[in-house]
Peer 1: 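This is the structure I want to talk about, given as structure tokens.
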Amino acid sequence: QVQLVESGGGLVQPGGSLRLSCATSGVWFSSSRMAWYRQAPGKERELVALITSDSMTEYADSVKGRFTISRENSKKTMYLQMYSLKPEDTATYYCNAYFVVGSRVSDIWGQGTLVTVSS
């Protein structure tokens, strides 16, 4: 079963913008903590941004002021709006969801979408 589907990746020039989306059909969406992670070749996966079920947000220092994470619960979709992209933003971006139903903890991942920033 596919629970998270990312989209929106692609090739952009430095200074450009891109919006990533992560959609699900899961009934758990509105109560979940959602996050974007990224992983560049040869580097560890890192947290880019997160948004709680109450829409509180947190960002990695490297993207503060440039990226905005948001969610639209009616569409069960999370977004990452990226501005002023830099070559070092090049990575595969992964959607993550964390939620608890009763005593069951779920931590799930999308398959990733590639963002390449290059001139």
Peer 1: Sub-3.5 Å donor-acceptor pair from the side chain of Arg71 to the main-chain atoms of Arg33, do we have one?
Peer 2: no
Peer 1: Indicate the atoms forming the closest heavy-atom contact of Lys75 with Thr77, along with that distance.
Peer 2: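 Minimum heavy-atom contact is O-OG1, 2.9 Å.
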Peer 1: I need the minimum non-hydrogen distance between Tyr59 and Ala49, along with the two atoms involved.
Peer 2: CD2-CB, 3.6 Å
Peer 1: Yes or no on side chain to side chain contact (heavy atoms under 4.5 Å, CB included) for Cys95 and Met34, after CA distance, side-chain angles and deciding distance?
Peer 2: CA-CA 7 Å; Cys95 176; Met34 303 293 295; 3.7 Å; yes
Peer 1: Atom OG1 in Thr68, atom CZ in Arg19: separation rounded to 0.5 Å?
Peer 2: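 CZ of Arg19 is found 12.0 Å from OG1 of Thr68.
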Peer 1: Shortest non-hydrogen contact from Ser30 to Ser53?
Peer 2: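 Minimum heavy-atom contact is O-CB, 3.5 Å.
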Peer 1: Hydrophobic clusters here meaning ILVMFWY residues chained together by side-chain heavy-atom distances under 4.5 Å, can you tell me if Phe29 and Val5 are in one?
Peer 2: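 Hydrophobic grouping puts Phe29 apart from Val5.
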Peer 1: Just verifying a value: how many Å separate Arg45 CZ and Thr92 OG1, rounded to the nearest 0.5 Å?
Peer 2: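 Between atom CZ of Arg45 and atom OG1 of Thr92 there are 11.5 Å.
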Peer 1: Do Met82 and Leu20 have side chains that get closer than 4.5 Å, going by heavy atoms?
Peer 2: yes
Peer 1: Is Leu18 reachable from Tyr37 through a run of hydrophobic residues whose side-chain heavy atoms are each under 4.5 Å from the next?
Peer 2: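 Per the 4.5 Å side-chain linkage, Tyr37 and Leu18 are not co-clustered.
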Peer 1: Quick one, Ser17 and Gln81 - any side-chain contact, counting heavy atoms below 4.5 Å?
Peer 2: yes
Peer 1: Evaluate the side-chain proximity of Lys86 to Val117: yes if any heavy-atom separation is below 4.5 Å, no if none is.
Peer 2: no
Peer 1: Check for a donor-acceptor pair, side chain of Gln3 on one end and backbone N or O of Trp109 on the other, with a separation under 3.5 Å.
Peer 2: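 Absent.
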Peer 1: Let me confirm one number: the CG-OG1 distance from Leu114 to Thr90, rounded to the nearest 0.5 Å.
Peer 2: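 That separation rounds to 8.0 Å.
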Peer 1: Does the Tyr79 side chain pair with the main chain of Glu72, one donor and one acceptor, at a distance under 3.5 Å?
Peer 2: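 Pair absent, no side-chain N/O of Tyr79 close to backbone of Glu72.
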Peer 1: Answer yes or no: is there a side-chain heavy-atom contact under 4.5 Å between Tyr98 and Ser32?
Peer 2: no
Peer 1: Whether the Gln39 and Tyr94 side chains hold a donor-acceptor pair (N or O, under 3.5 Å, no angle test) is what I'd like checked.
Peer 2: no
Peer 1: If I compare all heavy atoms of Pro14 with all of Ser119, which pair ends up nearest, and what's the gap?
Peer 2: CD-N, 3.6 Å
Peer 1: Closest approach of Thr113 and Gly9, non-hydrogen atoms and distance?
Peer 2: OG1-N, 3.1 Å
Peer 1: Hey, are the side chains of Asp89 and Phe67 touching, using non-hydrogen atoms and a 4.5 Å cut-off?
Peer 2: yes
Peer 1: Check the pair Trp36 / Cys22 against side chain to side chain contact (heavy atoms under 4.5 Å, CB included), numbers first and verdict last.
Peer 2: CA-CA 9 Å; Trp36 288 100; Cys22 173; 3.8 Å; yes
Peer 1: Are the side chains of Glu6 and Tyr93 in touch, meaning some heavy atoms are under 4.5 Å apart?
Peer 2: no
Peer 1: Below 4.5 Å, heavy atoms only, C-beta onward: do Trp28 and Val100 meet side chain to side chain?
Peer 2: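 With C-beta onward as the side chain, the pair stays apart.
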Peer 1: Is Glu88 close to Ser62 at the side-chain level, that is, under 4.5 Å between some pair of heavy atoms?
Peer 2: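 No, too far: nothing below the 4.5 Å cut-off.
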Peer 1: Leu85, Val48: one ILVMFWY side-chain cluster at the under-4.5 Å cut-off?
Peer 2: yes
Peer 1: Say whether Leu50 and Ile108 are linked into one hydrophobic cluster, either directly or through other cluster members, by side-chain heavy-atom distances under 4.5 angstrom.
Peer 2: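 As far as the 4.5 Å side-chain criterion goes, Ile108 and Leu50 are not connected within one cluster.
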